[in-house]
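Worksheet for the structure shown next.
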Number of protein chains: 2
Amino acid sequence: MKIAVAGATGAVGQQMIMCLEERLPDAEVKALASLRSAGKVLEFKKKYVVEELTEHSFDDVDYVLGATENPITAQWAPLAVKAGAVVIDNSSLYRLDEDVPLVIPEINPEDIRTHHGIISNPNCATIIALVAVNALHRRWHVERMIVSTYQAVSGAGLQGIRDLENQIKDPSIPSVAFPHPIAYNLIPQIGGFDAEGYSSEERKMQNEGRKIWHHEKLLVNCTCVRVPTMRSHCESITLQFRDRPDLEEARELLKKAEGVVYADAPSEHLYPTPLMTSDQDLVYVGRLREDISDPLKHSLVLFCSGDQIRKGAATNTVQILERLLAEK
Amino acid sequence: MKIAVAGATGAVGQQMIMCLEERLPDAEVKALASLRSAGKVLEFKKKYVVEELTEHSFDDVDYVLGATENPITAQWAPLAVKAGAVVIDNSSLYRLDEDVPLVIPEINPEDIRTHHGIISNPNCATIIALVAVNALHRRWHVERMIVSTYQAVSGAGLQGIRDLENQIKDPSIPSVAFPHPIAYNLIPQIGGFDAEGYSSEERKMQNEGRKIWHHEKLLVNCTCVRVPTMRSHCESITLQFRDRPDLEEARELLKKAEGVVYADAPSEHLYPTPLMTSDQDLVYVGRLREDISDPLKHSLVLFCSGDQIRKGAATNTVQILERLLAEK
């Protein structure tokens with residue numbers, strides 16, 4: 001089995017190769033990137049000489065994991081499908097296309113079967129939120145989510161990390177990946193804004209959540225904020241359910257939920273933090289409580305954190321691949 | 001006129017002296033602190049030799065600005081009142097006492113008149129949120145607020161700043177002011193937790209908001225998070241109103257609101273950030289938009305930021321004093 005990683009030199013691409021080494025150690029992995037990176041050597045457990053991504057890159061490939069920006073993905077993904085490979089793509093390009101499944105394996109693995117050559121990986125903040133609350137949704141049915149995010153600089157790629165590192169040393173160095181300095185700062189902008197004042201990142205959770213949950217009436221109001229952490233996004237989430245939830249049962253559901261670590265003993269200082277959840281594959285959930293502002297008592301509040309490069313991107317992609325392989 | 005600052009060596013106490021120099025330059029200011037700090041010299045525009053706070057500290061004083069922790073305040077505040085001084089206190093000790101006014105001068109200055117020797121300054125995150133949304137509340141009546149905060153390390157005093165500075169240099173240095181490392185991290189805990197899983201900081205906005213607005217039915221669900229910024233708290237706020245709000249009118253109200261800078265052109269990268277709002281006295285509001293998750297269209301969303309040492313503490317205290325003096 002031969003797997004190509006497109007965009008192999010970026011933060012997500014490199015993590016994809018590491019996840020493949022961990023989870024599918026026998027696979028043959030080909031690292032593809034732009035001409036500029038061709039010949040560069042990536043070294044993890046194994047070594048990879050980066051090859052230029054061309055129209056012939058996919059001739060001998062079974063699966064492609066995509067970690068390139070939308071315009072680049074638009075160039076190579078159709079070629080890969082034409083060459084007979086199955087693409088699992090982390091860009092947002094195809095996510096809402098009707099004939100492209102959008103999959104979180106813990107939530108809607110069955111959707112993988114309907115693919116026509118491309119499967120999309122959801123947005124990182126969406127994956128983390130939906131994994132965190134899926135067990136509660138299945139039990140009481142989420143009608144409305146109000147989300148404020150705390151998103152790490154690596155969500156903007158390796159340059160995001162460099163910007164923070166640079167500015168910690170010298171605050172006068174301007175950001176490249178962000179519209180403002182990020183060291184000792186917060187930026188309530190991720191992506192561009194639409195006419196209603198929402199950023200592209202803020203729209204994703206409702207749009208993608210509806211598709212993943214097959215829940216056309218899901219309502220999400222999201223505020224996305226970049227924060228000076230290196231890795232792992234956090235989210236403060238208020239959930240309004242159709243049915244009245246029970247706090248004790250919610251705790252039990254989260255303890256058993258697939259892909260979740262229920263870390264919730266705040267008086268012992270146990271709750272999800274970015275440092276606790278960095279460089280691992282599970283979504284941590286804590287600070288679970290009743291929403292004291294909902295007079296109908298149909299709402300819960302929680303705080304979650306997950307590594308957005310792993311579970312929010314690379315790991316989820318490799319998990320989709322594992323499901324594909326298991327169905328063969 | 002002689003004014004004492006109790007707790008003069010802390011982050012808020014020092015800022016109180018600076019605010020007094022700016023706003024009441026003719027006042028005679030006495031810097032009080034514990035025996036440990038006595039003799040220490042504080043130097044701003046003028047120099048202050050710190051005196052030990054004793055039972056006789058208030059004999060020649062007209063007003064006391066309090067910047068000590070609750071247990072210390074409990075010791076000296078009654079003595080100051082007995083000595084005939086008026087206390088404006090930044091601790092949470094008296095905030096909910098029936099005969100103690102809790103005042104944000106832009107919102108409820110008339111409450112100052114009912115004091116019996118003590119006036120309380122509200123919690124910093126509460127001041128910033130209420131100044132940000134007061135004009136909207138007066139117009140459409142806030143029923144419910146859902147708030148996620150992004151609170152700077154200086155909210156935990158000078159030691160909070162030292163913890164972040166230390167850990168930026170050497171991540172192995174443990175926090176003193178926080179239960180976890182704060183550099184490159186987030187901590188969803190400010191204060192201790194109650195039986196329902198809310199932290200003391202998270203309870204303040206509803207409890208204090210009800211008193212300041214004289215609005216007993218106000219409902220607030222708050223999640224308070226410490227972030228690695230030095231100064232200026234930010235808050236992501238969803239507001240549900242009794243009456244249906246109008247977005248354009250809300251913009252006009254915020255442009256004219258007392259104590260507010262309406263900074264809202266997100267496509268031009270203009271929105272409140274901590275670096276933009278540090279070391280000044282106004283609350284910045286931006287990212288104003290309709291809540292797309294409210295099918296009744298009675299809700300708005302915004303993001304605000306204010307310097308919690310100034311407007312969230314010292315400046316608000318000095319503004320209360322200014323109102324007291326104006327009424328004399």
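Each chain gets a letter, A, B and so on, in the order the sequences are listed, and its residues count up from 1. A quick note: this is a predicted structure, and the numbers were derived from the prediction, not measured.
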Under 4.5 Å from a heavy atom of chain B, the part of [X] involved:
{"X": "Arg203(A)", "value": "side chain"}
{"X": "Glu202(A)", "value": "side chain"}
{"X": "Ser299(A)", "value": "side chain"}
{"X": "Asp264(A)", "value": "neither"}

For chain A, the option from [options] that forms the most heavy-atom pairs under 4.5 Å:
{"options": "Gln240(B), Gln189(B), Met276(B)", "result": "Gln189(B)"}
{"options": "Arg231(B), Gln206(B), Arg287(B)", "result": "Arg287(B)"}
{"options": "Pro295(B), Ser305(B), Ser236(B)", "result": "Ser236(B)"}
{"options": "Leu164(B), Thr229(B), Ile187(B)", "result": "Thr229(B)"}

Q: Please examine the side chains of Glu196(B) and Glu290(A), heavy atoms only from C-beta on, and report whether any two atoms are closer than 4.5 Å.
A: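 No - every pair of side-chain heavy atoms lies 4.5 Å or more apart.
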Q. Side chains of Arg289(B) and Thr223(A): is there a donor and an acceptor less than 3.5 Å apart?
A.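 Judged by distance alone, the side chains do pair up.
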Q. Taking every heavy-atom pair that is under 4.5 Å apart, which of Ala183(A), Gly197(A), Pro188(A) has the most such pairs with chain B?
A.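 Top count of heavy-atom pairs under 4.5 Å with chain B: Pro188(A).
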Anything in [range] with a heavy-atom distance to chain B below 4.5 Å? Please list those residues in order.
{"range": "residues 172-181 of chain A", "value": "Pro179(A), His180(A), Pro181(A)"}
{"range": "residues 148-155 of chain A", "value": "Ser148(A), Thr149(A), Tyr150(A)"}
{"range": "residues 209-221 of chain A", "value": "Leu219(A), Val220(A), Asn221(A)"}
{"range": "residues 130-146 of chain A", "value": "Arg144(A), Met145(A), Ile146(A)"}

Nearest 0.5 angstrom please: [X] [atom1] to [Y] [atom2], how far?
{"X": "Ser267(A)", "Y": "Asp194(B)", "atom1": "OG", "atom2": "CG", "result": "8.5 Å"}
{"X": "Ser199(A)", "Y": "Tyr271(B)", "atom1": "OG", "atom2": "OH", "result": "10.0 Å"}
{"X": "Glu268(A)", "Y": "Phe193(B)", "atom1": "CD", "atom2": "CZ", "result": "11.5 Å"}

(Q) Tell me if the CD atom of Glu69(B) is crowded by more than 12 foreign heavy atoms within 6.0 Å. (A)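 Count not over threshold, so no.
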Q: Could you tell me which non-hydrogen atom of Val301(A) sits nearest to which non-hydrogen atom of Tyr198(B), and how far apart they are?
A: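 Looking at all heavy atoms of both residues, the shortest contact is CG2-OH, 4.0 Å.
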